Number of protein chains: 2
Amino acid sequence: MIPNKHRKGSLKALAQELDLSITTVSRALAGYSDVAAATQKRVIEAAARINYVPNSAGKMLVTGRSGFIGLTLPLMDEPFRDPFLGDFIAGLSESLAERGYDLLINTVAPSQTEMQVLQRTVESGRVDGIVLTRITETDERVDFLRARQIPFITHGRTLEDQSQYSWIDTDGEHAFSHATQLLLALGHRRLALLSINEHMMFRQVREQGVATAIANANVADVSLTTKHCNRFDSEGYLSVIRKLLTSKKRPTACLALTDEIALHVLQVASELNLSIPEDLSVIGFGNIPQAAVVPPGLTTFDQSTRDTASQIGEVLLNSIGGKTVSQQQLIRPFLVSRGSHAEVPSHITSA
Amino acid sequence: MIPNKHRKGSLKALAQELDLSITTVSRALAGYSDVAAATQKRVIEAAARINYVPNSAGKMLVTGRSGFIGLTLPLMDEPFRDPFLGDFIAGLSESLAERGYDLLINTVAPSQTEMQVLQRTVESGRVDGIVLTRITETDERVDFLRARQIPFITHGRTLEDQSQYSWIDTDGEHAFSHATQLLLALGHRRLALLSINEHMMFRQVREQGVATAIANANVADVSLTTKHCNRFDSEGYLSVIRKLLTSKKRPTACLALTDEIALHVLQVASELNLSIPEDLSVIGFGNIPQAAVVPPGLTTFDQSTRDTASQIGEVLLNSIGGKTVSQQQLIRPFLVSRGSHAEVPSHITSA
DNA sequence: TTACCTATCCAAAACGTTTCGGATGGGTGG
DNA sequence: CCACCCATCCGAAACGTTTTGGATAGGTAA
C-alpha cells in the first residue's frame, strides 16, 4: 500500500492506487475508446469502491462549464409572498436534474442591485445559463445577457425583440380575452378591470386581451372601467374596490389581473353584502390555492407553473447543448370554472 | 496596447494591462498591506473599469470553498405542492446573500436516490454547507454528514443525538399542547387527532403535545381518537373523516396535524351540514394561505417559515465561519385565532 | 563603507481536472 | 528483416486563482 498523500477521492489518488496515469484513469471514466476494456473495468470498479466523485472546481476550470443554471430571485422589499415561487423552482429544478444540472439561486442583497448580481453571476463563470423571471416591458437584463452571448431564457417577454431570444410565457391575452367573451356572453355589459401600476409585460398583455375581446364582440353599450393600483398595497385596492362597488352604476362583473386582487374584490363584496355571483361576477387569474376554498369558489385561470418551469429548463438546456436557435412558446392557461361568475342579474339587464 | 490573448476579465489580463504581476494584482484586490497604496488604487480602478469578477472555479479550486450552500429538494412522486417551499427558499437565500453565499438547489432525478445526490454534492466540493429538510426520525443523511464532518443544519430534528449537530425546529409539541389545552378549556371532551402515517419527527412531536396536555389537564372523561392516514391521499382522509364525523359519539373538536388535513375536515363538515364552529371545532397547523379565506376561517398556528429559514442560513454560516459548536433552536409558532373553534355546544355537554 | 531593515513586488507552486500530442510495444504485411 | 499500424498508455500543458517564499532596491544604523 503506497501511502496516499492526496485528498481522498482525487483522480491522482485513484491513479496511484491503480498504478495508472491520471490521464488513463480520467479517460477510462469518460469512456474513451483508447483504454483497454479490462483497464476500464478495473478503473470503474475502483472508482465505485472509493466512491470517487470528480471535483467540481477542477472540472469547471478546464471545461469552462459549471453544470449550474442561475436564477435570481426577485427582490421583495415588502413581505410579499410569491405563491408560485415554490412550484416554479420545483419544476425548473426537476427538469434540470434530469440532465445533470443544478439550480443556483441568488437573492440580491440590500447593498446591491439586481444587475450587479446578474453580472457577477455571469462573469464569474459560475453558471452555464440563466433563467429570468418578472420581465418588464424593456428589461435591461435581457439586453445584458444578449450582449454577453450567455444562454438564457425568460419567463415572460419584453415588448420588443421578441424573436431574438428564447422565452416562454403564459398566454395572458388569450385568457383575458376568453374571460371577457365569457362575461359578455352571460349578458354583462358593465365591466371593471382591476389592474396593477407596474410596467410588467403581463399587465400589458392581459389588458390587451380584454380590449381585443370587447372590440371584436358584436355588442353595443359595453363599458369598461380600468383601475391601476399598487400590487403590494392591499388597502389601496380595498378602497378603490369599495368606491367602485358603491358607485351608482357599479359594474356587474370584475376581471382581476391576479387572483390576489380577485380575493380583495370578494372581500369587499362580502363587506357590502353583495352576493357572489348573483350581484357580481368575479374572474381572476393564476389559480392560487385560496381560489378553491374561498366562497363561492373563484373562477380563474390555471397557469400550471410547475410544467411551465419544467419546460423552461428544457428549452434552456437545449440551447446550451449546441443548437442556439432562439425559441418562443406561448402556453395557454385553462379556465377553472367555479362559483364566482354567472349570468348578469335580470333586474340589471332590464334597467 | 499589448494584445490581450487571455479571457477578458482574467487576473492575467488585468496584470498585463497594468504592467504588474498577477500576484500583486491579486493581493491589491484582496487588500493586503504589502502593496503600495498608489498601486492598490490603480489596480482597483482598473478592475472596476474592466468590470473584473474573479473566476469562480479558479478561486474555488485553490481555496477549497465554493460559496455555495446546498439544499436538496424533497422528491415528490405525487403532484404534491409544498406551500412553504417558496417561503423557505426565499428566507434562506436572503440570509445567505447577506454573507455573500449562494444557494445551490438540486432535485433527485428519478434514476437516483437522495443519498446519492447528497453524496455527489458533498464529495464534489461544490458546497460549503448543507441544509436538510423533512427530517425523519432516524435520518441517514444526518449520519452521513456528521461522519464526513461537513457543516450542515437541519430544519427539524432526529429522534436521537439531538445535541450533536445544529438544528432549528418548530415547537410543534408546544403548539399542539396549547391547542389541546385551549379546546379542553372550552369544554371539549371528545377530541380527535388527524395525523399522518409517515415516520416524521414533526408527527411524533405534535402527537406528543396533545398527549401531554391531556395528561396534565385536570379533567376527567377526556377521550382522544387518533387516525393516521397517507398524507398524499385526499380520498383516504375524506373517508376516514366522514366515518369519524358520522359516528354516534362523534368528536366535538378536531386537531389536524396540518392545515391541509384541517381543510379536509371542513370540507366533510360542510358535506354533512355540520356547522363550524357550532357543531365542531377545528384547529390546524401551518397557516397556509387557504386558512385565512376558507369559511369560517381556520384557527391554526403560524410557523413563519421565512424567518425560520433565514435563521437557518445564519446559524449554518456561523458554523462555517470557524466556531463549530452545534446549536439548537426551537421556534414557537403562534396561534392564529380565527373562526373554526368555539365552546363545546351545550347540548353536548349535558349529554 | 557595510550590514541590516523595510517597503514593494514577483516567480512559482498548488488546487484537480481534461486533453493534446506523443511514446511504447507487439503484431502484421511486404 | 523491415516498415508500418494499431492498441494502449502517459507526460505535460492548460484553466484562473491564492499563497509561499523569496527578490529587489532604497534607506537607515553602525
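Chain naming here is simple, since letters A, B, ... match the order of the sequence lines and numbering starts at 1 in each. Since the model is a prediction, treat every value here as computed from it, not as a measurement.
Going from atom CG of A/L20 over to atom C1' of C/dT24 covers 15 Å, rounded to whole Å. Taking atom CD of residue A/Q16 and atom P of nucleotide D/dC10, one finds them 13 Å apart after rounding to whole Å. Remark: P of D/dT17 and CZ of A/R126 are 12 Å apart, rounded to the nearest angstrom. Atom CG of B/D19 is separated from atom C1' of C/dC10 by 13 Å (rounded to the nearest Å). Between B/L11 atom CG and D/dT18 atom P there is a gap of 6 Å when expressed in whole angstrom units. B/L61 places its CG atom 9 Å from the P atom of C/dT17, with the value rounded to the nearest Å. B/E123 has its CD atom 15 Å from the C1' atom of C/dG16, to the nearest Å. With rounding to whole Å, B/K12 atom NZ is found 10 Å from D/dT17 atom P.
At distances below 3.5 Å, at least one donor-acceptor pair connects side-chain atoms of B/Q162 with backbone N or O atoms of B/T158. B/Q327 places no side-chain N or O within donor-acceptor distance of the main-chain N or O of B/S166, the cut-off being under 3.5 Å. A donor-acceptor contact shorter than 3.5 Å is absent between the side chain of B/R81 and the backbone of A/F84. Judged purely by atom type and a 3.5 angstrom limit, B/S124 has no side-chain atom pairing as donor or acceptor with the backbone of A/V53.
Contact annotation for B/I22: base contact, defined as any heavy-atom pair under 4.0 Å involving a base atom. Residue A/A36 is classed as a sugar-phosphate contact, given heavy-atom separations below 4.0 Å to backbone atoms only.
Picking from C/dT17, D/dT18, C/dC10 the nucleotide with the shortest atom distance to the side chain of A/K59 gives C/dT17. Considering only side-chain atoms of A/D34, the nucleotide from D/dT8, C/dC9, D/dC15 that sits closest is D/dT8. Here the side chain of A/T63 is nearest to one of C/dA11, D/dC9, C/dT18, namely C/dT18. Distances from the side chain of B/N55 to the nucleotides D/dT17, C/dC10, D/dC10 place D/dT17 closest.
The residue from B/I320, B/V142, B/V131 that alone fulfils the side-chain contact (heavy atoms from CB on, under 4.5 Å) condition with B/F152 is B/V142. Residue B/T72 forms a side-chain contact (heavy atoms from CB on, under 4.5 Å) with just one option from B/T107, B/T133, B/V108, and that option is B/V108.
Residue A/T24 places no side-chain N or O under 4.0 Å from the OP1 or OP2 atom of D/dC9. The phosphate of D/dG16 (OP1 or OP2) has no side-chain N or O of B/S10 nearer than 4.0 angstrom. For the OP1/OP2 pair of D/dT17 and a distance below 4.0 Å, the side-chain nitrogens and oxygens of B/Y52 include at least one atom meeting the criterion. OP1 or OP2 of D/dC9 has not a single side-chain nitrogen or oxygen of A/Y32 nearer than 4.0 Å.
In terms of position on DNA chain C, the residue among B/T23 and B/S33 whose nearest nucleotide sits closer to the 5' end is B/S33. Of the residues near DNA chain D, A/G58 and B/S26, the one whose nearest nucleotide (by heavy atom distance) lies more toward the 5' end is A/G58.
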When the side chains of residues 58-71 of chain B are checked against the rest of the protein, which donor-acceptor pairs come out under 3.5 Å, sequence neighbours left out?
unit_1, atom_1, unit_2, atom_2, d
B/T63, OG1, B/K59, O, 2.8
B/T63, OG1, B/R65, N, 3.2
B/T63, OG1, B/R65, O, 3.4
B/S66, OG, B/F68, N, 3.1
B/S66, OG, B/R126, O, 3.0
B/S66, OG, B/D128, OD1, 3.2

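For the segment residues 39-48 of chain B, the set of residues with a heavy atom within less than 4.0 Å of an atom of DNA chain C comprises B/T39, in numerical order.
In this structure, B/R141 and B/I130 have side chains that are not in contact, with every pair of non-hydrogen atoms separated by 4.5 Å or more.
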